[in-house]
Every structure is written in structure tokens, then in C-alpha cells.
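Report on one structure; see the data block that follows.
Indexing begins at 1, ligand by ligand and atom by atom, following the structure's order.
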Amino acid sequence: MRIRTLALLLILAFTLPAVSLNTTDGQRRKPRPTTKIEPAKIPTPEDILGFRPGDDRKLASWNQVTEYFHKLAAASDRVKFEELGKSTMGVPFVMATISAPENLARLEEYKKIQDVLADPRKLGRNPDRQARQLIAHGKTIVLITCGIHSTEVGSYLSSMLIADRLSSSNEPEIQEILKNCIILLVPSLNPDGVDIVKNWYDKTLGTPYEGTDPPELYHKYTGHDNNRDWYAFTQVETQITVDKIHNVWHPEIVHDIHQQGAYGSRLFLPPYMKPVEPNVPKQIVEGYTGLGNWMAREMRREGFKGITTDSTYDAWSPSRAYSHYHGGVRILSETASCKIATPITVKFEELRSRGGYNPQKESANFGPLWRGGEWHLRDITRYMTTAAFLLLQHASQDREQWLRRFYTIGKQAVGSRKKGELFAFVISPQNNAQPLLNILDRAQVEVDRSRQFAVSGRTYPQGTIVVKMTQPYAAFAKALLESQKYPEMRDFSGHPIAPYDVTAHTLSLLIGVEVKPLYRGFQYTQKRVESAGGKRETFIEIHDPPRIAIYKSYVSAIDEGWTRWTLNQSGPNYASIEDKKLREGDLSAAYNTIIIPDQSPRTILNGYSPGSMPPEITGGLGPKGVKALRDFVEQGGTLVCLNRASDFAIEQFKLPLRDVVAGLAHKDFYVPGSILRIELDTANPIAAGMPKESIAWAEDSPVFGVVERKDGADKMSAFPGNTGGMPVPQIQIIARYPTDKNPLLSGWLLGGDRIKGKAALVEVTIGKGRVILFGFRPQYRGQSLATYPLFLNALSGK
Ligand SMILES: [Zn+2]
């Protein structure tokens, strides 16, 4: 995956300058030379239909629509047209791709840009910088969907008007749109319904039943519910749209063009009325709010009347909004209807209140007033096409912002989760889980199958499925796997306010699959395993957390780096903790074990001196850090000190130990990086499984002597600074230097007699916790593998 991404970035690095050259060239040539595009050659909708879409009492058949787009694509270098599949009743399901010719020539590159921005895990080491480059070169992807509700005929007719202007106009604003956007235009999400409605309409034309709805569902099985299928994906039209458009292009904006009743507002635009489904990212809400409000403002400026926002339609159900969980805003527009294609007359007094506004009264979310009168199909297409071109103008002018927003959504989705946040869902391995897994798979949600694992004492069987929440489309999975809490909404008189549609979409309950949430607080590793057939399968393993932190001084310490390296190779997961965080305390909430790597006690305590470095990195652990560590140990934590850091703990915690070689001149004692002999108490869990005799890498190392208690005195008083009330430390010696042998095995040791019988590894119990003091470097430069077990056992917690 990483290699493919790098390859993509390389390709882009080489090819994208060409894009900008072409673009500059395109600008210079504006308006396009008539020798290249003969206007007469571009067919108009009238040429194919025999009428202008929007004319009273005229509907186009699906054959005519596809014929128009075929001929348009053949004549225009701004239009590509393709069949994506067959509808339920077997007619072509089609899409036009419209953009500047130089963009159409590089669609694969733009798809790849979208693919990487949608899933920032595919970016390299400097993701934000690479994303900025991709954003600079990418295009806003706008999907315009028409005609899902077939009696709302304005939109499929408008699709031809939109395509006509985009393909033939040389207006500067259209050129800009074509340059900055790739427009995916679906003339109808329900092609079967086009003919069902047209046949009925033509049959009843001129009769008393003219303009009535057909006496059959306009989608073979689902009728109006075809727009409630955007998470269950039961119908072929939904499947084609998701598989071949959404998942291929990840559009930043989806403009879904609808019609509403005749007696309300002339037009609804987002923002949606509350409530918003809580898994819809806030950037999506900001996006549709900003764009919808801007479109409404511009239309009002152009003299359009009767526009409402923030009313009637909510953003609760994913059944209507696939894109809201896939990085793109859905701009629903709802224009007032006439009677199919037959004009009507509406009196002002007949206008009726609906969900959050009164069409007879101006308000913050409605206006200016539409005074009533005739309402034609042409009015509908005029509202629709005006809104669509404003949307495209915004998509073009704010191209970078749309792409940045899209990237930010992906970045947050794949980012890590904090403690206490939902980390994953676990799905039991049941036979009936497959339909749920198919749905998640279709929505590009990644699922991992596990080998047996246990979390907090609970064992999950092999085949358990884990849906991580750190992936691009986790919000989709979360919305469908958790229970909904629809807010209690009541009007002024206390009556419940009905939701726009329904309130629940918990798919695991609907299908009957046991799904459990898992919260952060365990380790998660992923393993690729070669199965018998040579097929690679991904398994996951979850363990209880080690909750280990390595202290990282602002004064960098080489042993700290080696400690991290050692654990990365063969140890448990860990976190790094710096002075500032450590001084804040409450360490036992986050960690069981804290390691202080080898560093001089003075540096650990004081860090950089004030004034020598920026103030935020001076000061070391200081008294606050010492207290935080002491509290951590007393509350049950394990503090592991390596080499010189042991002296820090002895001094600061007033441990009943003494470094017997501290302050000695080199002529009296000297061990400048040598291998010494130690004897182990293998009955101690830290030395369990080790040989009786092992080695110690000694280098400026402390050697521990136990401070004798005074006879008959209070135990506390033996330890200066231990002022009562504190628990008495208990000492266990795990390793000591031999009494009867030369401690030196290799290297140079002066004054070896001084350390005979003295301790090299000690555990001191304080309160509920313990301090483990290594008088050597057990993970020396990644070389002393003989003593790794001592180090790793010390980390394992009690
Ligand atoms: Zn509709």
C-alpha cells in the first residue's frame, strides 16, 4: 500500500506541472476558438426531444434522455457518458462526467488524489505536506443526482439543461467551473420510473386525470422508499451508485435534486433542521450549512422568492445520506411541485406551514414571500438549474477549501482514539452476521477477523470480527452498530415534534447480530498470516494493556532512545512521557509501569537551567515530578530506574539504600564500560527463568548497600526525611556481586573489592507499589540480550 502511494506521489510530482501548464493555456485561449468547437455541432436537448425541458406538459422518455447524452458526449470534448449497469427493470443506468477537456484526459489521476485524501493512512511520513500538494492539484468532485423520485420530474429534465450549458457555454464562470470541478451527473437514479410516470402522464393528458400520480409504484419494489436505501443497499440502483460512483470518486459535494409539495416554500435548501445524527462529522455540518446558506442568499439576491432553510428536512438518518459518512456534504434541494408537468395556480392563502416555517410570514429561515400565482414546470427547472449552477460556482471558487475539509474529515477519522473513547465494535462469529458484513464491506468499512483473544478477562472466540473506529468510514459503521438516542423534541404546547422520517437505524438489531462496543484500554496488534492456499489473511490480537511509559527528559538521553528501540524490537507497547506531563501527576490513571532510563540524577531533577533554553523546556522533573512519581508508586505503580537513574530514586525518595561507590575517585573505583559478574536470586519473579549467574553492563554505575537500621529505634527514623506516616520500604535484593570471585568478566575494573557482596539489582516496596533499581544497563545499546529478561520481567507489573 505504502509503495503504491509513493508511486502515485512520484507520478503526480512528474505529471502535475503539466496540469497547471494546460490550465494556464486554457485560460489564455479563452474564449475557446470556434474552430475547435462548432456550436452547431453540439446537440441541444430540443434537437433530440423536440421541446425545451421544462416546457408545460412535456416529458422526455428514458430513451430520449440517454440518446441526448450519447449525442452530446459524441460532440463535446467536455462530456463523457457511460452506462454503469442496468436498472431493476433492465434499462441502462447512466452517468455523464463533465469537466474541462484537459481534466477529462486525466480522470484516473484525480481519482487517485481523492482516494489518498479520503484515507490519509496512504500518505507518507509528512502527511500534511503531501496532502497540501494533492489539494493544490485536485478538483472538487461534485455528484449531481436527479430523479430518484420519478413524479418529481423537474430534476431529470433539468439534468439536460445543466449538461447543455456546461457543454456549450463559453461564459467565464462556466469555464472556471469546468477547470476546477469534475461533475458527475446522474440524469436519473431511478430510470425505470421515468417511463412509468411519462406513460401515465401521456395517457391521461387532456383527461380529468391529467397530472395525477401513476397508479403503481414508480420504482418496481420500493417506490418513494428508494431514497431510504443508502445503508441497506438492497436495490440495484443504490448498489450501482455506491459501488461505481461514491466509492470510486468520494465526491466532496452531492447535490440531490428533489421536489416537495405545491403549497409550502418554493425551495428548501440546507442547513437541515435538527436533529443531526451524532456521527455526522462537524465539518460536514459546517459544509452544508455554509453552502446551503450561501446558495439561498445568492438566489434571494437574484430575486427568487419563497426560499426556506433549516426547516422540514433533518439530517438524522443515514438511509438518505451515504455521503455524510463518507466525507461529502449532501445538498438536498426541494422545489415546490406542479401537477407532474401541468401548471397549477396557488393562492397565497392556500400556502401551509410545514416543519419550522410559515410560507405566509417572513422569518429568519424563510423569505422573501412568494405571493402565489401560476406555478409551471419551467419555474421548477429555473429554481433547480439556478441552484445547481450556484452550487457549482461555490465548488469551483472554494475548491481548495472543499478538498481541505475532505482531507480533514479523513484525517480525524483515522487518527488515534483517546482513553475512554470507543475503540472498536466486536461482532460475534455468527452465521447470520454475513449480511451485516456485506453492508459494511460495500460501504468500504474495514473489518478484521480475530484469532482467539481476551479483553479484561473475557475471551472472544476465533472468528470474532473487530470493526476498528480508527478508519476512514468508521462513522458509518458506528451509526449502524450503536443504538440511537433520538432527542425528545417538543413544541411550545408540549406535543412531540415528529421526526422527518424514522428515528432508528441500528442494523445489528435489525439483522439480529450480537455486537459489543470496546473502549480504549487494551493493546491491539495486527498480524498477516499466510494461510494454506498462499492467501494472506489479516488477524488481530488484543491483549490487556501493559500501560508502560518511558520518561523522556527534555535533555535528550541516549539510553532513553535505546530503551524505546529495545521495546520496539521485542517488548510490549509503551508511551513516552515528558517532564511537563509527568509533573501534572495522576500517573497511575494512565500507567502501571514507568521507566526512567540512564541519566544523571541532577539532570533528571533539574533539566535545563532557567534561561539556558526556552522556558517551557527548562526545570526537569522538579519537586512536583518527584511527588507525582512517589504518589504513583504508593498507589501501586512500578517505577523502573536504570543505572544512574537509580541514584535519583534513592536520593529523592529517601530510600534506605546507599550508593557505595558514589563520589569515589577513579583511582579508588573505576568501571568505564565493562562486563561484570552478578549472582541472581532466581526465586524472585524478576529473575525467574534466569541462570544463577549472569552479567551486568557496568558504566558509571551505582552499587547498592543497604542502610542498617539503628537498634531499637523507630523504623521510620532510620531514614532521614521519612517524617512519619509514610509506609516502611521493604527491600529485596535480586542481584548482587559475588563475595568470593572477581566481579570482572571482561574489560577494566578498579577497586573491585569494594563491591563484593553488594547489590546490583534491588526491588524496594513502597506503599502498594515498588521501585526497581538496576545498578547497570540491562538493555545496553541493544547488545546485552542476556539481561533483557530481567528488564522485561521488571516491566510486567505486579
Ligand atoms: Zn423526493
Item to check | Closest H258 atom to the Zn ion (ligand 1) [N, O or S only] | outcome: ND1
Next on the checklist: Going by salt bridge (charged side-chain N to carboxylate O under 4.0 Å, His left out), name the residues that satisfy it together with K80, two or more places apart in sequence or in a different chain.
Outcome noted: none
Checklist outcome for this item: Distance col, row L481:CG vs H505:NE2, nearest 0.5 angstrom, shows 10.5 Å
Checklist outcome for this item: Taken in chain and number order and not counting sequence neighbours, the residues that satisfy salt bridge (charged side-chain N to carboxylate O under 4.0 Å, His left out) with E83 are K86
Item to check | Heteroatom of H149 nearest to the Zn ion (ligand 1) (N, O or S, atom name) | outcome: ND1
Checklist entry - According to the interplanar angle, ranging from 0 to 90°, do the rings of W230 and H246 count as parallel (below 30°), tilted (30 to 60°) or perpendicular (above 60°)? => result perpendicular
Checklist entry - Would E152 count as a contact for the Zn ion (ligand 1), in the sense that one of its N, O or S atoms lies under 2.8 Å from it? => result yes
